[in-house]
Amino acid sequence: MTGKLLLATNNKDKVTEIKNLLARLDIQVLTLKDLNLEIDVVEDKDTLEGNALKKASEIWDAARIPCSADDTGLFVNALNGEPGVYSSRYAGENVSYADNRHKLLKNISDVPDVKRTARFKTVVCYYYGKDKYTFFEGCCEGRILKEERGEKGFGYDAVFLPDGYDKTFGELSLDEKNKISHRAKAFIKFRDYLASINS
Ligand code: ITT
């Protein structure tokens, strides 16, 4: 595929992962920073799809370049799916990743190991023209540990142990996380779609 793709995110950790995932495509991957675009889309929808579409469409309106936005949440079964869509501001507005992790660990401190199951889910919205868009999704099942392990990754990575692994996302390298993560699964579907429509 040739052409441009604008990553509609202000999260530099996500940019690193997504650039790695799309590296093999013949495409110019641009960031908001590359275009000096300062846009902070308010994520006020109550679904990942709603927020991903809102981010992608508002940034397409501003840049008129095909763009992808992903919205991701960590859904913890013992907390009825919290923090879910509200993962970035679980501990309040303008909080750190660590604040969110601490609140999560506190809220499930009494939950026994077998009930600490959780999943990350990512929805990617590819927006390529006025009201022209499509979605791709990916999930990763795992469980929440009782304490943090590892300094790699970002967000809730240090407390999430993916099923079948003895290392948390905070202990896995970027390449290892990008083989199994929610975002990887969604972006690999997206990458294959882009490759297929341009082959
Ligand atoms: P943009 O909306 O600008 O893309 P964001 O940080 O708000 O950035 P999301 O809404 O997709 O991104 O993600 C919500 C939060 O979920 C994010 O701030 C992290 O705390 C957490 N998160 C997302 N992806 C994650 C991952 O792969 N590993 C760990 N935590 C993640």
Side-chain angles (χ1 to χ4, degrees), residues 5-21 31-33 37-60 62 67-76 79 81-105 118-127 135-145 148-162 165 167-188:
L5 175 71
L6 174 60
L7 302 184
T9 177
N10 285 307
N11 183 320
K12 62 180 178 23
D13 297 304
K14 286 167 58 171
V15 168
T16 305
E17 288 191 5
I18 296 164
K19 281 193 162 179
N20 177 288
L21 287 163
T31 63
L32 296 175
K33 212 169 157 209
L37 274 177
E38 283 188 28
I39 305 177
D40 199 11
V41 178
V42 180
E43 297 182 41
D44 54 4
K45 303 295 179 189
D46 56 10
T47 61
L48 298 178
E49 286 79 3
N51 282 328
L53 174 58
K54 190 170 188 222
K55 289 189 260 193
S57 64
E58 286 190 22
I59 288 173
W60 186 86
C67 56
S68 68
D70 84 85
D71 202 44
T72 296
L74 175 64
F75 298 80
V76 178
L79 298 175
E82 279 187 14
V85 182
Y86 307 103
S87 292
S88 63
R89 49 185 191 280
Y90 189 42
E93 295 296 332
N94 303 317
V95 294
S96 67
Y97 290 147
D99 293 333
N100 285 330
R101 288 195 302 271
H102 295 159
K103 177 166 179 185
L104 174 63
L105 290 182
R119 59 161 36 183
F120 273 113
K121 181 175 173 187
T122 290
V123 173
V124 175
C125 178
Y126 175 51
Y127 201 99
F135 293 107
F136 305 87
E137 70 172 57
C139 291
C140 184
E141 305 284 342
R143 62 192 177 85
I144 306 300
L145 294 185
E148 302 190 4
R149 269 176 32 194
E151 314 233 306
K152 300 190 180 96
F154 68 98
Y156 298 92
D157 280 346
V159 296
F160 184 82
L161 189 71
Y165 283 74
K167 285 183 179 173
T168 67
F169 272 165
E171 294 172 309
L172 293 175
S173 68
L174 174 64
D175 282 346
E176 288 170 315
K177 182 181 173 191
N178 267 353
K179 282 188 190 126
I180 59 167
S181 82
H182 43 295
R183 183 167 298 100
K185 287 175 185 156
F187 270 93
I188 285 167

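Note that ligands are numbered from 1 as they come in the structure, with each ligand's atoms numbered from 1 the same way. What you see is a predicted model; the values in this text were computed from it and never measured.
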Any side-chain to backbone donor/acceptor pair from Asn100 onto Tyr90? Under 3.5 Å, distance only.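 Yes.
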Backbone N or O of Thr168 within a donor-acceptor pair of the Glu171 side chain at under 3.5 Å? yes
Measure centre to centre between the rings of Phe160 and Phe120, then say whether the value is under 6.0 Å.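 Between Phe120 and Phe160, which both carry aromatic rings, the centre distance is below 6.0 Å.
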Could you check whether any side-chain heavy atom of Glu148 comes within less than 4.5 Å of a side-chain heavy atom of Leu105, counting everything from C-beta outward? yes
Which atom pair, heavy atoms only, marks the closest approach of Asn51 to Asp44?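 Looking at all heavy atoms of both residues, the shortest contact is OD1-N, 3.4 Å.
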Atom-level proximity to ligand 1, residues with heavy atom under 4.0 Å: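 Answer by chain and number: Thr9, Asn10, Asn11, Lys14, Glu43, Lys55, Asp70, Asp71, Thr72, Ser87, Ser88, Tyr97, Phe120, Phe154, Gly155, Tyr156, Asp157, Lys177, His182, Arg183.
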Here's a test for you: under side chain to side chain contact (heavy atoms under 4.5 Å, CB included), which of Val124, Thr122, Val85, Asn11 qualifies with Thr72? Thr122
